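Notes follow once the structure below has been shown.
Here the structure is a predicted model, which is why all the values come from computation and not from measurement. Labels below follow one simple rule: chain letters A, B, ... track the order of the sequence lines, proteins then strands, and each chain is numbered from 1. Every heavy atom of this structure was used, including side-chain atoms; hydrogens, water molecules and symmetry mates were not.
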Amino acid sequence: MEDENSGFVENFIHTQIREDLKAGRNEGRVHTRFPPEPNGYLHIGHAKSICLNFGLAKFFDGLCNLRFDDTNPSKEEAEYVDSIKEDLRWLGFDWGEREFFASDYFEQLYAYAVQLVKDGKAYVCDLTPEETRKYRGTLQEPGRNSPYRERSAAENLDLFERMRAGEFADGSRVLRAKIDMASGNMNMRDPIIYRILRAHHHRTGDIWCIYPMYDFAHGLSDAIEGITHSICTLEFQDHRPLYDWFIEQLPVPCRPRQIEFARLNISYTVMSKRKLLQLVNDGLVDGWDDPRLPTISGLRRRGYTADSIRNFCERIGVAKRNSMVDVALLEHAVREDLNLKAPRYMAVLKPLKVIIENYPEDQIEELDAVNNPGDPTMGSRKVPFAREIYVERDDFMEDAPKKFFRLTPGREVRLRYAYYIRCERVEKDANGEVTAIYCTYDPETRGGSAPDGRKVKATLHWVAAQTAVSAEVRLYDRLFSVADPAAEKDGQSFTSLLNPDSLNRLTDCKLEPALAQVSAGVSVQFERLGYFVLDNRESLMDKLVFNRTVTLRDTWAKVAGKRGGK
RNA sequence: AGGGGCGUCGUCAAGCGGUAAGACACAGGCUUUUGAUGCCUGCAUGCGUAGGUUCGAAUCCUGCCGCCCCUGCCA
């Protein structure tokens, strides 16, 4: 099944949900949830999960909750809750009133645990962490029963209540589910369901000193919220029997089903929260919203649109196979979106002065320029032209190869929306560096076309020197120099694989005056160069900083590259 | 005494017994006042591999091979 507009593609989860619906499970409802742990910023891997969960709910006419999985107060902070909500809203998702926290259910979860204790299905274990590990066995050998496994329900209840009351030291005891220490599935070897932990919780403060573990809290929170389909990533497949076990033992109001899919990996970047946190903490990048990071806030600052990210998530599909998506697909998604939306402007990043010798000394003309050749409704603007202008250094070559169409001595080119100019001679400094080029223009070609019908091979962007606005432009490239930096090789850290050229700051860029009026966060195209966005953090009243989102496709760069450099 | 998953184009990914969708990438061509965009064309006699079942197999069965995950009081 395919919907042309959204690029919607059916996946195996749709198939499974349809089967559940057909079988009449959960009264025919579909209710999903996005369950972030507030211990880091959202990244594009989360976006895949968000699009999946909200998308499924929408497709099946159901609901999707936002639930913060905040069962480990030692790692979680309110700051992260705020950033997650902001990113979610920016991506365009609405969870209505359904904003929940696993911590909302602590009392109910405790009651469920008490029930297990009373039923003889959970016990308090006094083994130390090291002993617990030894008793657990290995992948090849079964574990051994804890010596505390056969305590009476009454004793367990007393101990568990006293755990809650704060009578015991952190880590001195845990509550464990009594399942099977010989299971081939490690998760079923009497998993811990409550631990003693005196840490300040961002919502419940200090009223609890015991906290439920993920396996216990997650599935039961799903059940409490009436979730029908609990979508998670592949590494939780082994947890599913445990997820089901808790649901089966307790009198829960709903029987959710866990379905796993493969998490997103993108080439030339890292996606794990641990690695992202390390890059931020070690100062290797400029915070969680560094434009080179795959975080939602980083992509936003880089100039990626929410539409392009959602589109990307739709195109990559959902399956169970570990894979790595080519970053080129992400770049394609944003180019496709910005090609439609971004107004065009002219900006010269590496200026080279051009003096048009036969142009009147003090004249300034206002030339018409269209804002988007593909969309007449975006209108046009005036661009000032004068005797002295800047063109891109890369657009001039003294000894040009045949395929180089741009400016070179003796050749005529078009200045976009202005005139044809011919390069007559160049000026150099003592080192032989070209410092300026002298040209003549043809007054008959005003607007950019010749009455005699003669053609030129190239059209260059330019900015009049006198009215130019100065700015800093940051050129970003992939953060890592290898496609899969997370693949450990010879024990070297992934941080040694950072691309030293991932950021190139150009501080002497010249912009057409209209660019001084754009707002932060609004994407524009610098003609022939790429899509850019005014930085939302570093631009001040008298200082403009633009971030390059992505270059335009550049066939010439490819040709030049093949010839061995430009 | 191990358990759980996964192998379809360079990269993602449809396919669910009737003869290999689509996207990105790549390569050509047309259009073009952005070497952009747009448009057109090409790109798996083949689905990890070896057998088997069948009129017919990427789809079913069996055996191999390869890759990923699991021994936190993290999620």
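Remark: A/R162 engages A/E167 in a salt bridge, criterion side-chain N to carboxylate O under 4.0 Å. Between A/R67 and A/D222 there is a salt bridge, with a side-chain nitrogen of the basic residue lying less than 4.0 Å from a carboxylate oxygen of the acidic one.
Taking atom C1' in both B/A20 and B/U59, one finds a spacing of 11 Å when rounded to whole Å. The C1' atoms of B/C9 and B/G22 are separated by 13 Å, rounded to the nearest whole Å. With both ends at atom P, the span from B/G10 to B/C47 equals 13 Å, rounded to whole Å. Nucleotides B/G48 and B/A58 have their C1' atoms positioned 12 Å apart, rounded to a whole Å. The separation of B/C16 from B/A57, taken at their C1' atoms, amounts to 12 Å, rounded to a whole angstrom.
Rounded to whole Å, the distance from CD on A/E331 to P on B/A36 is 16 Å. If you take CG of A/N372 and P of B/U32, they are 19 Å apart, rounded to a whole angstrom. In this structure, A/R321 atom CZ and B/G15 atom C1' are separated by 11 Å, rounded to whole Å. Put simply, CG on A/L460 is 15 Å from P on B/A36, counting in whole angstrom units.
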Problem set entry | Derivation and outcome, salt bridge (charged side-chain N to carboxylate O under 4.0 Å, His left out), residues A/R454 and A/D442 | CA-CA 12 Å; A/R454 73 181 192 279; A/D442 177 356; 2.9 Å; yes
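In this structure, A/R144 satisfies the cation-pi test against A/Y135, with its NZ or CZ atom closer than 6.0 Å to the six-membered ring centre and inside 45 degrees of the ring normal.
Ring-base stacking between A/W556 and B/G35 is satisfied, the centre separation being under 5.5 Å and the plane angle under 30°.
Taking 4.0 angstrom as the limit, A/R528 places a side-chain polar atom (N or O) nearer than this to OP1 or OP2 of B/G35. Contact between the side-chain N/O atoms of A/H332 and the OP1/OP2 oxygens of B/C24 is found at a separation under 4.0 Å. Close to B/A75, at under 4.0 Å from its OP1 or OP2, lies no side-chain N or O of A/R274. Of the side-chain N and O atoms in A/R406, none sit less than 4.0 angstrom from OP1 or OP2 of B/G35. Residue A/R553 has a polar side-chain atom (N or O) positioned under 4.0 Å from OP1 or OP2 of B/U37. Taking 4.0 angstrom as the limit, A/R335 places none of its side-chain polar atoms (N or O) nearer than this to OP1 or OP2 of B/C24. Note on A/T555: a side-chain N or O is less than 4.0 Å away from OP1 or OP2 of B/A36. In terms of phosphate contacts, A/R67 brings no side-chain nitrogen or oxygen within less than 4.0 Å of OP1 or OP2 of B/A75. A sub-4.0 Å separation between OP1 or OP2 of B/C26 and a side-chain N or O of A/K558 is present. Residue A/R195 places at least one side-chain N or O closer than 4.0 Å to OP1 or OP2 of B/C74.
The base of B/G3 is paired with the side chain of A/D238 by a donor and an acceptor separated by under 3.5 Å.
When Watson-Crick and G-U wobble pairs are counted only if both distances are under 3.5 Å, B/U71 pairs with no nucleotide at all. Taking a pair to require two hydrogen-bonding distances under 3.5 Å in either a Watson-Crick or a G-U wobble arrangement, B/A20 remains unpaired. Figure legend. B/C9 is base-paired to no nucleotide; pairs are counted as Watson-Crick or G-U wobble with both atom distances under 3.5 Å.
Annotation: A/R164, atom CZ; neighbour count of heavy atoms from other residues, nucleotides and ligands within 6.0 Å is above 12.
With a glycosidic angle more than 90° from 0, B/G56 adopts the anti conformation.
For A/F405 and A/T138, each mapped to the nucleotide of RNA chain B holding its nearest heavy atom, the one lying further toward the 5' end belongs to A/F405.
A/E260 and A/Q258 share a side-chain donor-acceptor pair at under 3.5 Å.
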